[in-house]
Amino acid sequence: LLFGEPLHLNFFVPAWSNWFLLALFAWRLLVPVLQKLRFALLFSVIIALLSVIYGGIDQGLSGARILSYLPFFVLGLSVTPEHLERFKRIARMPLVRIAAAGYVSAVAVGLYLAGDRVQRALFMMSGVSAIKGDFTNLEHVVLRLAIMTFTTSMLVAILILVPQRRLFFTYMGSATLTMYLLQEATLLIPRHYIAQWDGWTAPTVLLLMVAGVLYALLLGTRPVQYLTKWIVDPIGTFAWLRKLVFKPDEAAVTTPLKG
């Protein structure tokens, strides 16, 4: 309706970045089970690899991405404060930071030179059907394992480069979900025109990247967090809604479940 196109409502396939909200909901439900497993990370990797064979899991109810990104959620769930402190000590080493910067730079140059020869669908992990090419089950598994390994290496490299001292935007780390939700709502119309524009050059792409970073910083500021808290976290904002949704703590403790 906004852009002269027919309206398609599909409540089973989340649009744009909404997949993450459904995936996060599913992952949170799995936390008690994952915490009981001895090798939860290995289990999640196997599940992610199995999800691409025999046509794979599609994106209905975010199924493909829930399973594909599950290992990364489990990895974060498994990390302890001791792990983080050990990682931070290693990341402070100058040679490690230089190596990480060189790796990220080399990947950026390589992907730029590769252009359209690298399928975006491989990294989006939204289902096997989106990948162009006739691959066997084994080839799909190898591709998925390679993508997961590469993505993990990039994640580690980026985390090594993250400044460990407090900066003006450090406090925004607690508002990343707010930033995520607001960018989806506020960029709905602009992203349509950005995608349709055919005048992209290296300088304009760089300018767009800088603008994106500045816009993300704007969405993470305290005034924006304060003004939008009632939208992003209505249950945490309104006491009456909390009482409507949740049972009182005393009732939850003293009243046994039936059935």
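Throughout, numbering of the chain's residues begins at 1 and tracks the sequence.
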Engineer: Mind running side chain to side chain contact (heavy atoms under 4.5 Å, CB included) on Trp19 and Tyr69 for me, showing each step along the way?
Structural biologist: CA-CA 11 Å; Trp19 71 268; Tyr69 288 100; 3.9 Å; yes

Engineer: Is the shortest side-chain heavy-atom distance between Met148 and Val45 below 4.5 Å?
Structural biologist: yes

Engineer: For Met154 and Val107: C-alpha separation, side-chain torsions, deciding distance, then whether side chain to side chain contact (heavy atoms under 4.5 Å, CB included) applies.
Structural biologist: CA-CA 9 Å; Met154 284 294 293; Val107 168; 3.8 Å; yes

Engineer: Hey, do the aromatic rings of Trp27 and Phe72 have their centres closer than 6.0 Å?
Structural biologist: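 Not under 6.0 Å, so no.
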
Engineer: Any side-chain heavy atom of Met209 within less than 4.5 Å of one from Val205?
Structural biologist: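 Answer yes - side chains close enough.
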
Engineer: How long is the gap from CD1 on Ile57 to OG on Ser62, to the nearest 0.5 Å?
Structural biologist: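 Reported to 0.5 Å precision, the distance equals 13.0 Å.
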
Engineer: Heavy-atom count around Arg28 CZ within 6.0 Å, excluding the residue itself: above 12?
Structural biologist: no

Engineer: With under 30° as parallel and over 60° as perpendicular, where do the rings of Trp240 and Phe238 fit, or are they tilted in between?
Structural biologist: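 Tilted.
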
Engineer: Before giving the answer on side chain to side chain contact (heavy atoms under 4.5 Å, CB included), spell out for Trp197 and Thr204 the whole-Å C-alpha distance, their side-chain angles and the decisive distance to 0.1 Å.
Structural biologist: CA-CA 11 Å; Trp197 193 48; Thr204 55; 4.1 Å; yes

Engineer: Thr221 versus Leu217: any side-chain heavy-atom pair under 4.5 Å?
Structural biologist: no

Engineer: Looking at every non-hydrogen atom in both residues, tell me the closest pair between Gln164 and Ala91 and how far apart they are.
Structural biologist: NE2-CB, 3.7 Å

Engineer: Nearest 0.5 Å, what's the CD-CG distance between Gln183 and Leu218?
Structural biologist: 13.0 Å

Engineer: Quick check on Phe123: does its CZ atom have over 12 non-hydrogen neighbours (other residues, nucleotides or ligands) under 6.0 Å away?
Structural biologist: yes

Engineer: Looking at every heavy atom in both Gly173 and Thr176, which two are closest together, and how far apart are they?
Structural biologist: O-CG2, 3.5 Å

Engineer: Working to the nearest 0.5 Å, report the span between OG of Ser51 and CD1 of Ile66.
Structural biologist: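 Answer rounded to 0.5 Å: 11.0 Å.
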
Engineer: Which distance, rounded to the nearest 0.5 Å, do you find between the CZ of Phe39 and the OG of Ser78?
Structural biologist: 12.0 Å

Engineer: For residues Ser68 and Arg144, report the shortest heavy-atom separation together with the two atoms involved.
Structural biologist: OG-NH1, 2.8 Å

Engineer: Pair Leu155, Thr151 - check side chain to side chain contact (heavy atoms under 4.5 Å, CB included), show working.
Structural biologist: CA-CA 6 Å; Leu155 173 63; Thr151 305; 5.6 Å; no

Engineer: Without swapping roles, check the side chain of Gln35 against the backbone of Pro32 for a donor-acceptor pair under 3.5 Å.
Structural biologist: no

Engineer: Between Thr80 and His83 (side chain of the first, backbone of the second, donor and acceptor by atom type, cut-off under 3.5 Å), is there such a pair?
Structural biologist: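 Present.
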
Engineer: Applying a strict under-4.5 Å side-chain criterion to I, L, V, M, F, W and Y, I'd like to know whether Val109 and Tyr103 cluster together.
Structural biologist: no

Engineer: Among Ile231, Leu219, Asp233, Thr228, exactly one meets side-chain contact (heavy atoms from CB on, under 4.5 Å) together with Thr178. Which residue is that?
Structural biologist: Thr228

Engineer: Count I, L, V, M, F, W, Y as connected when their side-chain heavy atoms are under 4.5 Å apart, and connections chain through other members. Are Val142 and Leu49 then in the same cluster?
Structural biologist: no

Engineer: Hydrophobic clusters here meaning ILVMFWY residues chained together by side-chain heavy-atom distances under 4.5 Å, can you tell me if Ile235 and Leu181 are in one?
Structural biologist: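 The answer is no; the residues belong to distinct hydrophobic clusters.
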
Engineer: Please round to the nearest 0.5 Å and tell me the distance separating atom OG1 of Thr186 and atom OH of Tyr215.
Structural biologist: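 Here the rounded value is 2.5 Å.
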
Engineer: Tyr54 and Asn137: which non-hydrogen atoms are nearest, and at how many Å?
Structural biologist: N-OD1, 2.8 Å

Engineer: Answer yes or no: are there more than 12 heavy-atom neighbours, outside Tyr180 itself, under 6.0 Å from its atom OH?
Structural biologist: yes

Engineer: Under 4.5 Å between side-chain heavy atoms, counting indirect links through other Ile/Leu/Val/Met/Phe/Trp/Tyr residues: same cluster for Val31 and Leu67 or not?
Structural biologist: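 Same cluster.
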
Engineer: At their closest point, which heavy atom of Gly220 faces which heavy atom of Gln225, and how far apart are they?
Structural biologist: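 Shortest heavy-atom contact: O-NE2, 2.6 Å.
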
Engineer: Atom CG in Leu22, atom CZ in Phe25: separation rounded to 0.5 Å?
Structural biologist: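 Rounded to the nearest 0.5 Å, the CG-CZ separation comes to 8.0 Å.
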
Engineer: Using the six-membered ring of Tyr171, assess whether NZ or CZ of Arg222 lies under 6.0 Å from its centre and within 45 degrees of the ring axis.
Structural biologist: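 Geometry flag: set, cation within 6.0 Å and 45°.
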
Engineer: Could you pull out the closest heavy-atom pair between Val79 and Leu75, with the gap in Å?
Structural biologist: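 Looking at all heavy atoms of both residues, the closest pair is CG2-O, 3.1 Å.
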
Engineer: Go through the side-chain N and O atoms of Thr152 and Thr149 and say whether any donor and acceptor fall under 3.5 Å apart.
Structural biologist: no

Engineer: If we ignore hydrogens and angles and just use 3.5 Å, is the side chain of Trp230 paired with the main-chain N or O of Gly236 as donor and acceptor?
Structural biologist: no

Engineer: Is there a path of hydrophobic side-chain contacts, each under 4.5 Å between heavy atoms of I, L, V, M, F, W or Y residues, that connects Leu37 with Val74?
Structural biologist: yes

Engineer: Does Thr136 use its side chain to pair, donor to acceptor, with the backbone of Glu139 at less than 3.5 Å?
Structural biologist: yes

Engineer: Residues sharing Leu95's hydrophobic cluster, by side-chain heavy-atom contacts under 4.5 Å among ILVMFWY, directly or via others?
Structural biologist: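 So far as hydrophobic clustering goes, Leu95 is joined with none.
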
Engineer: Looking only at atom types and distance, does a side-chain atom of Arg97 sit under 3.5 Å from a main-chain N or O of Ile160, one as donor and one as acceptor?
Structural biologist: yes

